[in-house]
Each structure stands twice: as structure tokens, then as C-alpha cells.
Protein chains: 2
Amino acid sequence: MTALQSPFARKLGAFVTLSTLELSVLERLHSRRRTFVAGRDISHEGQTDQAAYILASGWVCSYKLLTNGSRQIVDFQIPGDFLGLRSVLLRTADHNIEPVTLIEASEVPVKDLMETFDATPRLGAAVLWAASRDEAMVVEHLVGLGRRDARERMAHFLLELSARLKLVGLATADGYACPLSQYLLADALGLSAVHVNRVLRELREMGLVTFQNGQVTFQDFDGLVALADFDTAYLDHEGPLMP
Amino acid sequence: MTALQSPFARKLGAFVTLSTLELSVLERLHSRRRTFVAGRDISHEGQTDQAAYILASGWVCSYKLLTNGSRQIVDFQIPGDFLGLRSVLLRTADHNIEPVTLIEASEVPVKDLMETFDATPRLGAAVLWAASRDEAMVVEHLVGLGRRDARERMAHFLLELSARLKLVGLATADGYACPLSQYLLADALGLSAVHVNRVLRELREMGLVTFQNGQVTFQDFDGLVALADFDTAYLDHEGPLMP
DNA sequence: TGCAAAAACTGACGGAGATCAGTGTGGCGA
DNA sequence: TCGCCACACTGATCTCCGTCAGTTTTTGCA
């Protein structure tokens, strides 16, 4: 049963029990598999007629550019996450989407999405719920940018990723593989790359985490949680409201 | 026809033409009118069994508190806006909601919301679309916190409010009434109240805007737009995707 | 109408983080 | 296997904004 293996089904399955029918509908959504190379944007701000995608493997970032040349990464998507759902609903993309690594994603045409909502309302509710959870993460990110200092921000970010990756089996209690450069971290955390480097060194010297060679390793998980004021409440809500 | 007068109908009506049936359903959603005094929270992080509300008059803010005592306001709601929709979908509130002024709001029980989705799918789509638009505003706020300096942030904020208030007839080209204290502005913009005061003075001395006695008045709208790098694209999307 | 309390406002000072201007290093395409 | 380019890393300096410690003005209410 490959649907059970897909990170998307795995994520939803952690919150709702899916029937065999629902699993097979999920499977069907995965039929238009496509790959994209790292660095070349999948979609641009202002573009219309966007498709949505479900990410099967690899990492992606969503960002906005300012006219002064700086950019702000809004969030990263990891396997099992939806891509560009808001752009579909608004008919126009309000941000850019760039694969950070080589990725595999399943295109989900609007029509299929609507039909899924119709045919299996429970799956529709699950998708809506997953979207709300993603929005809660954006809100938490916003709070961090507004009211946490650089160290707390970094600590919080690494912990959030850990929680998200665990859900799809891509992280252990010890750590995880992370393909993000310090430039990407800087654009996500609202810092300069120089300062990201210093903060990472600090956390390492404090014996909390190391981030080296694309590998995040927790040295003192609880210490990091305390530093970041990390509370998983915004991540582990109950499952979707079922029709 | 009072439904046409309601800010919510007015907002949706700016993007979709509503049938008489739809207007009357909208009217029905407004039946459980309640008032709340300023300062006493309507809902708290972690609370379950939340109701959603449609704001009829007054201003509200949604915020999160950190354990270090600081707070970050995620967004303000003005008449016509939905309140606590995400909290309903997640079953648990992920933020606090506080009326900034005395407000009137219509409680929308989950059941009614679901029935509306069923009976008038076009209205359901409109609500979903409005929610996506709100999320786009949160994203733009996040970008500002990450990559704009204090002046740009303030300018952008005042302009966004102007655009939103115009839509429900609460602002003119010249300005609008704004009940927000400098402390509230500070918590929204990720600044200290002291610095908010300085920035406001600067903008006034630059001849761009004044914010005095609860009144925002534009002196040089285009200059402010240029300073803020303000692009309304994220606010004026096409109307909802209709079933 | 009078006085607390909240909000607006100000100057002096300090610090977190940006910017500048580099050096080191590992991966990969020619 | 050489050289290039992206990325990691570092010290020195500057600046935006926070904090502190007030004063003044406005508001609400007794």
C-alpha cells in the first residue's frame, strides 16, 4: 500500500484514521508526479492559474521579494506539505515558490481538489485543517520575527522543523538532515547571513545544538526548548472537525 | 435592506455579486448579535469550543503572549472581518482575541457555518476566499517584521489599514479614524512604544502623514506609498472561485 | 470640576545585529 | 586535477532601535 508510505497520507494519518476509500482517493491525487530542480522557481508572485502541489520529496521555500532587493522567506515546505493552496484560492499567487533541493511533487488541479471535497468531505475537511495548521505556523513565525531575539528565533526554528519532520519520519529525537544554507536561514529568520553564522556558533558553544554538514544534531534538547520558549501547542492540535 | 449595509456584506459585495437569497442567508448569520467591552479578552489561547464571529462595529486585535512578558499582535480586525475562524477549524484557539474598543459582533456557531457552506456553496467559497485574503495580510505583515525598518513598517501599516477601511466605507482618500494607542501599534509592529512615537513624529515632520487624536490624515499619500514600498496586489485579488 | 491614571512625548545611553571586507574550504564541471 | 564558485566563517565598525527615566498632555470618572 504505497499511499500509506506517502508523507501526505502519513501526516494526515497521524491525526485522523483514513478509510481504504480515502486512502485510494489520496493515492489518485498523487498521479501527476513531477520533478523540479533546485533554484528554479515553480511559481511567481502575480502569476495566475496556479496549480497546487503536494510535496513528495525534497524541500521548498515560499518567499516574497521587496523592491530594495531583500527577501523574506515565509515558510519552508517539507514532504507531505501542500504547496500554493492559497494561490489557488486567490486565483493569483501572492508569493514565490522555489525548490531548495531537487523535489518531487504531485500536481493537484483545482478540479480534482474540488471533486475530492465533494466525493470525500472528510478528506476535504482534513485538507482545510492542514491549511489552518500551516497558517498557525506562519503566525508563530510572525511572533518570532516581532518579539524574539536572534538566538531564540534560531532555536525555535530548529525545534519546529524537528517536530514537523518527525511527523513524516524524517527526524529522530537526536536530529535531522537539513539542506538549508545559512543564507536561506537568514532570509527566513529576518537576519543577515553573517549573524546566522554567529548565532549558530553560539548555540554550538552553549552545548545546545550543532548544525554542520547539512545535519542538525541536538545536544541538549530541553535546554534548547527552554531557550526558545518552545511550546508545541500550535503544532499538535486535535484532528480536523469531521463532517 | 440592512444586509446591504452590514460591513461584511459590503466587503463580499465588492468582489462578488450576491443574490437576494445569499443576502438573506448573510442576514441570518447576523442574528446572534452580541457586544463586548474594550480590554476584556473574548477568547484565550488554548481554549476549546470556540465560536466564530463576524465583526459589525469596533476594532479588535489578535495577539500572542510570550513567557518573557512581551506580546505580538498578529492582526487587527475591523468591521466586516471574521474573528476566530482558524480557532474553530483547529478546535483550539491558537491566539488571544481582545476588543480594542467597544464592539458589536455576530456569533456564528460552527453548525450554522457548516450549513451555510452546504446551502449556499457560493457563500462558502466567499468565506474561504476572505480567509485566504486575511492570510495574505498576515504574510505581508510577517515580511514587514522581517525585512522592513521601523519607518517603512509604520507607513505600510497605515496604508494597509486605509485600503481595508475604504472597502467598508470607514476611510476616505484623506484619512480615517483610528482608535489604536501607540502601545498597540508597538506590539503590532514589533517595536517599542517609545520608538513608535519617534517614527510617528518623523513621518509627520517629513510631511507624509499625521496621526493625532485618533485620526490618521494623509499629507502626501504617494510619498508614503513610495516610502513603504506599498503594493496593493496582496489586497485586491479577484473574487472567490465560484462553484 | 478636579484629580488620578493612562497615553503621548522627550533626551541620554547602550546593545543587538547590520554592514564591510575580508579568509578559508569543499564540491564539481571543464 | 585544476580552478572556480558557492558556502562557511571571522573581526572591526557603525546604526537602528530598546531601555531608562523622566515630563507633559489627555482622558475618564468620582
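Quick note on labels: first sequence line is chain A, next is B, and so on, each numbered from 1. The figures that follow rest on heavy atoms only: side chains count, while hydrogens, waters and symmetry mates do not.
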Between the protein and nucleotides 28-30 of chain D, list the N/O to N/O atom pairs that are separated by less than 3.5 angstrom.
none

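Aromatic ring pairs are classed by plane angle as parallel below 30°, tilted from 30° to 60° and perpendicular above 60°; the pair B:Y234 and B:H156 is parallel.
Each of C:dA18, D:dA8, C:dG17 was ranked by its minimum atom distance to the side chain of A:S181; first place goes to D:dA8. Among D:dG18, C:dT10, C:dA21, the nucleotide with an atom closest to any side-chain atom of A:V194 is C:dA21. Taking every side-chain heavy atom of A:L191 into account, C:dG17 is the closest of C:dG17, D:dC17, D:dA8.
Taking the ring centroids of B:F76 and B:Y63, they lie at or beyond the 6.0 Å cut-off.
Heavy atoms of B:G39 sit nowhere under 4.0 angstrom from any nucleic acid atom.
For the atom pair CD1 of A:I103 and OG1 of A:T101, the computed distance is 7.0 Å after rounding to the nearest 0.5 Å.
Residues from residues 195-216 of chain A placing a heavy atom under 4.0 Å of any atom in DNA chain C, listed by number, are A:H195, A:R198.
Within the structure, side chain to side chain donor-acceptor pair (under 3.5 Å) pairs that include any residue of residues 212-223 of chain A do not occur (at least two apart or interchain). Screening residues 153-163 of chain A for salt bridge (Lys or Arg N to Asp or Glu O under 4.0 Å) gives A:E160-A:R164 as the qualifying pairs, with residues at least two apart or on separate chains. Listed by first and then second residue, the side chain to side chain donor-acceptor pair (under 3.5 Å) pairs involving residues 43-53 of chain B are B:R34-B:Y53, B:S43-B:Q50, B:H44-B:N96 (not counting sequence neighbours).
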Please set out all donor-acceptor pairs under 3.5 angstrom arising from side-chain atoms of residues 192-209 of chain A, sequence neighbours excluded.
from   : atom 1 : to     : atom 2 : distance (Å)
A:S192 : OG     : A:H195 : N      : 3.2
A:N197 : ND2    : A:Q182 : OE1    : 3.0
A:E202 : OE2    : A:R151 : NH1    : 2.8

